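Worksheet: one structure, shown below.
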Amino acid sequence: MPDTLPDRLLVWYDRDARTLPWRGLTDPYAVWLSEVMLQQTTVAAVIPYFARFLARWPTVESLAAAPTDAVMAEWAGLGYYARARNLIACAKLVTQWRNGRFPEDEAGLRQLPGVGDYTAAAIAAIAFGQKAVVVDGNVERVMTRLHAVQEPLPKAKPRLKQLAAALTPDLRAGDYAQAVMDLGATICTPRKPACGICPWQEPCEGRRLGIAERLPAKLEKPARPIRFGTAFWLTDSKGRVLLRRRPPQGLLGGMMEIPSTEWSETQPADPTAQAPITADWRALPGEVRHIFTHFQLNLRIMAAKAGPGGRPSGLWVELDRLGEHALPTVMRKLVRHALAKAY
DNA sequence: GAGGCGTGGAG
DNA sequence: TCTCCAAGCCT
């Protein structure tokens, strides 16, 4: 029995009691779905979404046939909504042009919308057993520590891919890929890695040099700016609230929203000039803060009742049916705040 | 290639 | 409260 590094890791992986819903699944559809959901998203966040999607749309054909709004609403809260738009496009492409079959090699998978280098390699390895080099943030962190790579990311990426390729085994490439990622997620963590129980502690150069926890080195990120705006909580005589659909591309693209002013560097002097209708707008106390990847958003709320005259563009939605709509988390925060302060 | 693109959990 | 950042992709 050879005792290579991949072998040691696979022994650890096979003994690990941690069971993730997608572990052991090789259906390309399920693998693809889980990998897309896991892009930049924690395991804990993905688990309930993965279960709901698979229960509601068990095949790529069923997902392709689903109304776009239903998919976006089911994705609401998971973030990075371009993934959901690409998910739909990819399901339709695979269904209509490939008879529901996913490409079986990296190059073919790489052509699918929303499938980049990482996801293509992951699907090829996990669903099709191919010896693909799977490199995500976990793999990069593990490789930098194992080999004490001190060059900062992202410059070190090519080197890290080489190091990952040199370790990738011919057999069980899918299990191996998941094992490295599990190692990074549970033991070789960004902070306070549990080196004492790591199956790779003996060969780890970063640990030997006492620098593992400081790796990988990264370049500094720019400060996060703050943007301001005012949202408009408009209700009608039937107790419904006005929603709008956001533009199909860009931030929260294709999702629903509470109408608001533009989000700018300073609070608009007269927010009501940008309100959906002219009305007796009254400011609610407090504000809603939300952190996006590249800026912080501080939103005030103004509320009004629509008279019989106003004909704002948008969608009137019953308060108890807001949950059925594709409202991203920042909009759900607004709803909660408005309901607490306006009644 | 650098920046846009969500969210929630951990420390 | 604040910082970090996670199984990345697209332009």
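As the structure is a prediction and not an experimental result, all values here were calculated from the model. In what follows, every heavy atom counts, from backbone to side chain, and hydrogens, waters and symmetry copies are set aside. Note on naming: letters A, B, ... go to the chains in the order of the sequence lines (proteins, then strands), and numbering restarts at 1 for each one.
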Do any side-chain nitrogens or oxygens of [X] fall under 4.0 Å of OP1 or OP2 in [N]?
X	N	answer
A/Lys157	C/dG8	no
A/Thr119	C/dC9	yes
A/His290	B/dG6	no
A/Arg224	C/dC4	no
A/Tyr80	B/dG4	no

Expressed as a whole number of angstroms, how long is the span from [X]:[atom1] to [N]:[atom2]?
X	N	atom1	atom2	answer
A/Arg289	C/dC2	CZ	P	7 Å
A/Gln40	B/dT7	CD	C1'	11 Å
A/Arg227	B/dG4	CZ	C1'	10 Å
A/Ile126	C/dA7	CD1	P	14 Å
A/Glu213	C/dC4	CD	P	15 Å
A/Gln249	B/dG6	CD	P	11 Å
A/Lys192	B/dA10	NZ	P	15 Å
A/Phe295	B/dG4	CZ	C1'	10 Å

In whole angstrom, give me the gap between the [atom1] atoms of [N] and [M].
N	M	atom1	value
C/dC4	B/dG6	C1'	15 Å
C/dC9	B/dG9	C1'	23 Å
B/dG1	C/dC10	C1'	12 Å
B/dA2	C/dA7	C1'	23 Å

Open item on the list: I want to check a possible cation-pi pair here: A/Arg224 against A/Phe295, using under 6.0 Å from ring centre and within 45° of the ring axis as the test.
Closed with: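 No.
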Identify which nucleotide among [options] has an atom closest to any side-chain atom of [X], counting heavy atoms from C-beta outward.
X	options	value
A/Gln39	C/dA7, C/dC4, C/dG8	C/dG8
A/Arg191	C/dC9, C/dA6, B/dG9	B/dG9
A/Lys218	B/dC5, C/dA7, C/dC5	C/dC5
A/Asp182	C/dA7, C/dG8, B/dC5	C/dA7

TODO: Answer with yes or no whether A/Thr329 presents, from its side chain, a donor or acceptor under 3.5 Å of a partner atom in the base of B/dG6.
DONE: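 No, no donor-acceptor pair under 3.5 Å.
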- [ ] Determine, using the 4.5 Å side-chain heavy-atom cutoff (strictly less than), whether A/Leu315 and A/Val71 are members of one ILVMFWY cluster.
- [x]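 Cluster IDs for A/Leu315 and A/Val71 match.
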So, the side chain of [X] versus the backbone of [Y]: is there a donor-acceptor pair under 3.5 Å, distance only?
X	Y	answer
A/Lys131	A/Ala173	no
A/Arg172	A/Asp175	no
A/Arg300	A/Gln267	no
A/Arg145	A/Ala212	yes

Base, sugar-phosphate, or nothing for [X], non-hydrogen atoms under 4.0 angstrom?
X	answer
A/Trp22	base
A/Val115	sugar-phosphate
A/Arg332	nothing
A/Pro328	sugar-phosphate
A/Ile291	base
A/Gly184	nothing

Task: Comparing A/Leu38 and A/Leu112 on DNA chain C - which has the more 5′ nearest nucleotide - done: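 Result: A/Leu38.
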Task: Whichever of A/Lys221 and A/Gly137 has its nearest DNA chain C nucleotide further upstream toward 5' - done: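 Nearer the 5' end of the strand: A/Lys221.
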Task: Position toward the 5' end of DNA chain B (nearest nucleotide), A/His294 or A/Lys333 - done: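 Whichever sits nearer the 5' end wins; that is A/His294.
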TODO: Name the residue closer to the 5' end of DNA chain B, choosing between A/Val330 and A/Pro222 according to the nucleotide with the nearest heavy atom.
DONE: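 Nearest-nucleotide comparison on DNA chain B picks A/Pro222.
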- [ ] Measure up the A/Phe102 and A/Trp32 rings against each other and bin them: parallel (under 30°), tilted (30 to 60°), perpendicular (over 60°).
- [x]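 It falls in the tilted class, 30° to 60°.
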